[in-house]
Amino acid sequence: VIDDQIHRTTQIPRDTLLDYKEKTENNRLPIVVTYNAKLNIIRKIERPATHAPYRYPTKQIFPELPLLSYRQPPNLRKMIVRSALPNTTKAGTFSSNRCETCKYVLCKDQVAIPNTQKIFTILDYYLCASSNVVYMIICTRCSTGGIYIGETGQKLRARMNHHRHKINTKSCDTPVGQHFCSQNHSLQDMQVLIVKGNFKTEWERKIYEFKCMELFNTL
Ligand SMILES: [Zn+2]
Ligand SMILES: [Zn+2]
């Protein structure tokens with residue numbers, strides 16, 4: 001049966017299908033009412049009235065059967081659920097609880113790229129507990145050159161514990177430790193935000209980290 005129908009459609013030339021088809025004019029009177037179970041009575045009223053042309057003059061006024069359509073009445077779902085996301089959904093890194101990392105989280109969805117007129121925009125919503133991310137540590141003391149890009153498969157806050165430990169123990173074996181242990185610097189100058197998350201593979205994440213390093217000139 002399906003093959004037959006497919007065969008039939010292949011027989012119709014393309015030109016015929018492209019021709020504009022005029023719609024047949026419809027004079028049926030639309031009656032739109034909000035649905036209610038008790039309204040079935042309307043169907044019973046409309047039929048005899050329209051099917052008995054000589055008994056009722058309505059047939060002359062409305063020669064065709066009225067087009068009865070129901071409007072969906074308000075329901076709990078319509079009243080409670082909004083189909084659009086609320087505008088308060090924002091992008092950036094947000095504090096979820098009062099962990100140590102939350103104190104340093106920079107909640108912004110745009111970062112200026114130093115020495116350019118460009119702005120980098122963060123598209124998604126992240127928390128200090130987000131994992132599989134590329135993040136950015138910014139030094140508030142240095143106007144330029146105080147940016148460090150990193151990536152981690154762990155939660156951001158676990159990775160930040162590591163960075164904080166380096167700074168607190170004055171370990172200069174990492175770029176972050178070195179920067180925040182330098183003159184006039186302290187942990188208080190540090191801010192962190194997630195640039196991007198949800199990578200499919202570790203490789204994809206590392207590539208993205210590298211691209212950010214190029215973009216922010218931190219290589
Ligand atoms: Zn936190
Ligand atoms: Zn600095």
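Each residue takes its place number in the sequence, starting with 1. Counting starts at 1 for both ligands and their atoms, in listed order.
- For the residue pair Asn132 / Arg205, a side-chain donor-acceptor distance below 3.5 Å is found, with atom types taken as modelled.
- Geometry about the Zn ion (ligand 1) gives an angle of 120° between SG of Cys99 and SG of Cys128, rounded in steps of 10 degrees.
- Aromatic pair Phe94/Tyr126: centroids not less than 6.0 angstrom apart.
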Steps toward side-chain contact (heavy atoms from CB on, under 4.5 Å) verdict (Leu187, Asn168): CA-CA 8 Å; Leu187 201 55; Asn168 286 332; 3.7 Å; yes
Stepwise side-chain contact (heavy atoms from CB on, under 4.5 Å) test for Val192 and Met136: CA-CA 6 Å; Val192 65; Met136 179 189 289; over 6 Å; no
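- Protein atoms that are N, O or S and lie under 2.8 Å from the Zn ion (ligand 2) are these: Cys139 SG, Cys142 SG, His179 NE2, His185 NE2.
- In this structure, Glu100 does not pair ionically with Arg157, as no charged nitrogen and carboxylate oxygen lie closer than 4.0 Å.
- For His163 and Tyr135, the side-chain atoms include at least one donor-acceptor pair closer than 3.5 Å.
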